[in-house]
Amino acid sequence: MPRPTVYSTPVGSARGVPVRLWTLDSGTGVRADVLTYGASLHRLDVPDTRGATASVVRSLPALHDYTATHPYFGAVVGRYANRIAHGRFTLDGTEHHIPANDRGHALHGGPDGFHTKVWDASADRTDASVSVRLSLHSPDGDMGFPGALDTTVTYTLDTTGTLAVEYACTTDRPTVVNLTNHAYFDLAGHGDVLGHQLEVDADTYLPVDDSGIPLGPPAEVRGTPFDLTEPRVLGERLGHDDRQLRDAGGFDHCWVLRDAGGSLRRAARLTAPDTARVLEVWTTEPGLQVYTANQLDGSFTDAAGRRHERHGSVCLETQHLPDSPNRPELPSTVLRPGDTARSRTELRFSHLEP
């Protein structure tokens, strides 16, 4: 059986720091490319039933496209993925302010979040897997967050073709943390995802206002376009006349996954019938933000010049719930000295049975 391999290539520099592209090759057809800029998943090549390989995540052509402003293609976002209302939260009696960068709220850790940083990297290999471990030190007060935060993100690709992403954070002062990867999936490798089928293992979701902030407690998905408890065609779901869909331009909502006490369990299953590729997302996180690329308008392209259009891809962001620092009824995102915040997400690939 072929052994997996890992290697890196220099691709330039950002903020005066060298940037490398790390390649993880399973030896069995699946390959992942990870940039140290933003700890970004740049490519994820997966074969179809005929053996033809295509990247199932949307990407940008070159490093300078990533260092320019873009909608988080493949990046690890933090310190706080999703939104914090008005960029404010109170922790242990002290109010903290995060720069607003989305309709008056702080999105994905603010404008200079983890997606703009060059991470340190080291590799490891066994007979069954290869990994790249990325690390970042975020100083006290970075983007307004309290405490110095040390973070590692480890991408591991094994010979079964599963890509695991593990997060670990420690702090020297009480803070909040919520990390995710912002990959845009398109299992067909082209076109749009309106024909993809999505199933989410959740009975409730968080309705939001027209600026993306939760309106209140989780609501039942039953009887709404957000009922993905069985496989549903995305185009059919997005075609419903529903105010939540109209305000967001599609899905940009967090599903509250069925509780498993923090253990690894399936969160979602995405299929592309025309290529028979199947992606299952497994996670220890309590939520899944589904975003159907509602704001993309063709102004970004990939290396082949193909435009990234609205509803051309879908993000499946495993995470804690939006605005949790202001909502004590939601699972806590508080991290204190001496503790480690850990989470794991796995991307498991297969094919539809003929």
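We count residues from 1, following the sequence as given. Heavy atoms only: backbone and side chains are in, while hydrogens, waters and symmetry mates are out.
With D192 contributing its side chain and G312 its backbone, the two residues share no donor-acceptor pair below 3.5 Å. H240 places no side-chain N or O within 3.5 Å of a backbone atom of T224 that could act as its donor or acceptor partner. R237 contributes no side-chain N or O that, together with a main-chain N or O of L198, makes up a donor-acceptor pair within less than 3.5 Å. Looking only at distances, no side-chain donor or acceptor of D48 sits under 3.5 Å from a matching main-chain atom of T275. In terms of modelled atom types and a separation under 3.5 Å, the side chain of T292 and the main chain of F251 share a donor-acceptor contact. Checked by atom type and distance alone, the side chain of H105 pairs as donor or acceptor with a backbone atom of H86 at under 3.5 Å. Side chain of T271 to main chain of P273: no donor-acceptor pair is present (N/O by atom type, distance under 3.5 Å, no hydrogens or angles). For the pair E95 (side chain) and T90 (backbone), a donor-acceptor distance under 3.5 Å is absent. Panel note: side chain R310, backbone G249; a donor-acceptor pair is recorded below 3.5 Å. Looking at D65, its side chain does come within 3.5 Å of a backbone N or O of A62 through a donor-acceptor pair.
Taking every heavy atom of both residues into account, G195 and V233 meet most closely at CA-CG1, 4.2 Å. Shown here for L134 and L35, the closest heavy-atom pair between the two residues is CD2-O, 4.3 Å. Across every non-hydrogen atom of D150 and H137, the tightest pair is OD1-ND1, 2.7 Å. Shown here for P225 and L245, the closest heavy-atom pair between the two residues is CB-CD1, 3.9 Å. Nearest heavy-atom pair across C169 and L179 is SG-CD1, 3.6 Å. The minimum heavy-atom distance between L91 and P146, with the atom names listed, is CD2-CG, 4.5 Å.
Side-chain atoms of Y205 and V200, non-hydrogen and from C-beta on, never get closer than 4.5 Å to each other. The closest side-chain heavy-atom distance from K117 to D142 is below 4.5 Å. In this structure the side chain of T301 reaches within 4.5 angstrom of the side chain of P61, judged on heavy atoms. The shortest distance between side-chain heavy atoms of L157 and V30 falls below 4.5 Å. A 4.5 Å side-chain heavy-atom check between P286 and H320 finds at least one atom pair inside the cut-off. Side-chain atoms of T36 and D120, non-hydrogen and from C-beta on, never get closer than 4.5 Å to each other. Taking the side chain as every heavy atom from C-beta outward, R327 and L321 never approach each other to under 4.5 Å. Side-chain contact between L279 and L347: present, with at least one pair of heavy atoms (C-beta onward) separated by less than 4.5 Å.
Side-chain rings of H108 and H115 stay apart, their centers remaining 6.0 Å or farther from each other. Residues Y184 and Y72 place their aromatic rings such that the two centres sit no closer than 6.0 Å. Checked against a 6.0 Å centroid threshold, the rings of Y66 and Y37 do not count as neighbours. Between H351 and F349, the ring centre distance reaches or exceeds 6.0 Å.
Residue-environment remark: CZ (R3) exceeds the threshold of 12 foreign heavy atoms within 6.0 Å. Summarising the local packing, CD of E353 is surrounded by 12 or fewer heavy atoms from other residues, nucleotides or ligands at distances under 6.0 Å.
R266 and E280 are joined by a salt bridge, as a carboxylate oxygen and a charged side-chain nitrogen come within less than 4.0 angstrom of each other. Salt bridge annotation for R348-E346: present, with a cationic side-chain nitrogen under 4.0 angstrom from a carboxylate oxygen. Contact check on D203 versus R258 returns a salt bridge, with a Lys/Arg side-chain nitrogen under 4.0 Å from an Asp/Glu carboxylate oxygen.
Looking at D33 and T23, their side chains do bring a donor and an acceptor atom within 3.5 Å of each other. Donor-acceptor pairing under 3.5 Å is lacking for the side chains of H311 and E309. Side-chain contact check for T333 and S324: no donor-acceptor pair (N or O, by modelled atom type) lies under 3.5 Å. Inspection of the S211 and R103 side chains reveals no N or O donor paired with an N or O acceptor under 3.5 Å. For the residue pair H308 and R58, a side-chain donor N or O sits within less than 3.5 Å of a side-chain acceptor on the partner.
Checked options D252, D323, D209; the residue passing with R83 is D252 (criterion: salt bridge (charged side-chain N to carboxylate O under 4.0 Å, His left out)). None of T151, V176, I84, T175 except one satisfies the side chain to side chain contact (heavy atoms under 4.5 Å, CB included) rule with R79; the exception is T175.
Under the 4.5 Å side-chain heavy-atom criterion for Ile, Leu, Val, Met, Phe, Trp and Tyr, V165 and L270 are members of the same hydrophobic cluster. Cluster annotation: V132 is connected to L136 through the hydrophobic network of ILVMFWY side chains, with a link wherever side-chain heavy atoms come within less than 4.5 Å. The hydrophobic clustering, which links ILVMFWY residues whose side-chain heavy atoms are closer than 4.5 Å, places Y155 and F114 together. Taken together through direct or relayed side-chain contacts under 4.5 Å among Ile, Leu, Val, Met, Phe, Trp and Tyr, V57 and L234 form part of one hydrophobic cluster. Hydrophobic clustering places Y167 together with V281 (ILVMFWY residues linked when any side-chain heavy atoms are closer than 4.5 Å, directly or through intermediates).
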(message) One pair to check against salt bridge (Lys or Arg N to Asp or Glu O under 4.0 Å): D297 and R307. What are the steps and the verdict?
(response) CA-CA 8 Å; D297 59 5; R307 296 188 179 278; over 6 Å; no

(request) Tell me, with the steps shown, if L163 and L41 meet side-chain contact (heavy atoms from CB on, under 4.5 Å). (result) CA-CA 11 Å; L163 180 67; L41 182 60; 4.1 Å; yes

(request) Carefully, step by step, assess E317 and H182 under the rule side-chain contact (heavy atoms from CB on, under 4.5 Å). (result) CA-CA 6 Å; E317 306 165 44; H182 206 287; 3.4 Å; yes

(request) Kindly indicate, with the supporting measurements, whether the criterion side-chain contact (heavy atoms from CB on, under 4.5 Å) is fulfilled by V118 and R15. (result) CA-CA 8 Å; V118 180; R15 302 185 175 195; 5.5 Å; no

(request) Start with the C-alpha gap between Q244 and L215, add the side-chain angles, then the distance that decides, and say whether side-chain contact (heavy atoms from CB on, under 4.5 Å) holds. (result) CA-CA 11 Å; Q244 285 288 310; L215 288 167; 3.9 Å; yes

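Taking the six-membered ring where the residue is Trp, F300 and F73 present perpendicular rings, their angle passing 60° and hence far from 30°. Between F226 and W255, the two ring planes are tilted [angle within 30° to 60°].
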